[in-house]
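Down below is the structure, laid out as structure tokens.
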2 protein chains.
Amino acid sequence: MAKIVTLPPSAHASVEELLQATGQLLRRLRAESSGDNLTWSQTAVLGQLGKHGPKTTADLARAEAVKPQSMSATLAALEDQGLVERQPHPTDGRQILFGLTKSGVAAREARARLKRTWLSGAIAQLDASDLRTLLAAVEPMKRLANS
Amino acid sequence: MAKIVTLPPSAHASVEELLQATGQLLRRLRAESSGDNLTWSQTAVLGQLGKHGPKTTADLARAEAVKPQSMSATLAALEDQGLVERQPHPTDGRQILFGLTKSGVAAREARARLKRTWLSGAIAQLDASDLRTLLAAVEPMKRLANS
DNA sequence: TATTGTTATACTCTATAACTATA
DNA sequence: TATAGTTATAGAGTATAACAATA
């Protein structure tokens, strides 16, 4: 039997606001991120590689929910800057593992410091309840994004 | 006295996840939006004009948290499609009010229908608690974006 | 044939800088 | 001078289509 969900009329309007708020927040974060040489997407990839170790183009594309072609462009930019390097995949010649170089590790750490600085300031202006609400929304947002 | 906020170590990591989730959700929504001729930004502007009536470039830029120049480009695209039209400002010759044309009203309604269709499907896969959590996050997100 | 990755191309979004017109 | 709007320009991010190499 199909699942029937009835929403109050206001729910749709609010979801639209969610979309608007999402766009605004992302623009703000992107703008705040600029200032060193790393872009938003590049930072995200460095974070992935730092957290999980070497990954393939397809892995990274999946993790960030972009197409492999788009990820390929981001990786090329990082490679140009000497922040990531290629390693052959041990068993599958088609795949390529990307890992952080020493510079990449350093860049990732510097970046994390910067990000914490801004986030701490911004978050300090939210009260604890707002913060809890935001963090609680992370999982539902991911579910909605991947549904 | 300065406001001191102490966060648990996990909070920063979670905020990073919030950023990632924000990006993923926006990409998903953008991708889902394509299919007719209106882009994401254009749809947002139609929504603003439909909800609040004619507004100036600066008003719209503020509402969407973009620069006036960026809004000008979006408005030009909408004008090319015959969806918005200019009206002189009654008292200030520098300002220009943009309002929906008949086509614009129709486009906005068609768009809202489409959006509801996708949103309803996506939302149906969230449970009521997730939905509440998401909607509760809207205001904190806006505060964070504008802080 | 199917999968992984890349190159080529194009478009949206956004920003900054410089300009015009009006207040 | 200050404000509202636009034009010109540039860069990031993303997508689709077409291709090469490997499984």
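In what follows, chains carry the letters A, B, and so on, assigned in the order in which the sequence lines appear, proteins first and then strands, with residues in each chain numbered from 1.
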Q) Which comes earlier along DNA chain C counting from the 5' end, the contact point of A:Gly23 or that of A:Ala58, where each point is its nearest nucleotide? A) A:Ala58

Q. Hey, which of these two, B:Gln42 or A:Gln69, hits DNA chain C nearer its 5' end, going by closest nucleotide?
A. A:Gln69

Taking atom [atom2] of [N] as reference, at what distance in whole Å does atom [atom1] of [X] sit?
X: A:Gln24; N: C:dT14; atom1: CD; atom2: C1'; answer: 14 Å
X: A:His89; N: C:dT3; atom1: NE2; atom2: P; answer: 16 Å
X: B:Asp92; N: D:dA2; atom1: CG; atom2: C1'; answer: 12 Å
X: B:Leu60; N: D:dT6; atom1: CG; atom2: P; answer: 11 Å
X: A:Trp40; N: C:dA15; atom1: CH2; atom2: P; answer: 15 Å
X: A:Glu79; N: C:dT7; atom1: CD; atom2: C1'; answer: 15 Å
X: B:Leu75; N: D:dT7; atom1: CG; atom2: P; answer: 11 Å
X: B:Arg62; N: D:dA4; atom1: CZ; atom2: C1'; answer: 11 Å

Which is true for [X] with a 4.0 Å heavy-atom rule: it touches a base, it touches only sugar-phosphate, or it touches nothing?
X: B:Thr74; value: nothing
X: A:Ser70; value: base
X: A:Thr57; value: sugar-phosphate

[X] versus [Y], closest heavy-atom pair with distance:
X: A:Gln81; Y: A:Leu38; value: OE1-CD2, 4.1 Å
X: A:Ala44; Y: A:Glu64; value: CB-OE1, 3.7 Å
X: B:Val66; Y: B:Met71; value: CG2-CE, 3.9 Å

Q | Verdict with reasoning, A:Arg62 to A:Lys55, per side chain to side chain contact (heavy atoms under 4.5 Å, CB included) | A | CA-CA 11 Å; A:Arg62 218 174 355 257; A:Lys55 301 182 78 171; over 6 Å; no

Check whether any side-chain N or O of [X] sits under 4.0 Å from OP1 or OP2 of [N], and answer yes or no.
X: B:Thr39; N: C:dC11; answer: no
X: A:Ser72; N: C:dG5; answer: no
X: B:Arg28; N: D:dA15; answer: no
X: B:Ser41; N: C:dT14; answer: yes
X: B:Arg27; N: D:dG13; answer: no

Q) Where the side chain of B:Ile96 is defined as all heavy atoms beyond and including C-beta, which of D:dG5, C:dT4, D:dT16 is the nearest nucleotide? A) D:dG5

Q | Closest to side chain of B:Gln95, choosing from D:dA4, C:dT6, C:dA15 | A | D:dA4

Q | Earlier contact from the 5' end, DNA chain D, for A:Arg94 and A:Ala65 | A | A:Ala65

**Q.** Comparing A:Gly93 and A:Ala73 on DNA chain D - which has the more 5′ nearest nucleotide
**A.** A:Ala73

Q: For the pair A:Leu46 and A:Leu100, evaluate side chain to side chain contact (heavy atoms under 4.5 Å, CB included) and give the outcome as yes or no after the intermediate values.
A: CA-CA 7 Å; A:Leu46 290 186; A:Leu100 293 180; 3.4 Å; yes

Q: Could you please spell out the steps behind the side chain to side chain contact (heavy atoms under 4.5 Å, CB included) verdict for A:Met141 and B:Leu18?
A: CA-CA 8 Å; A:Met141 282 174 73; B:Leu18 171 66; 4.0 Å; yes

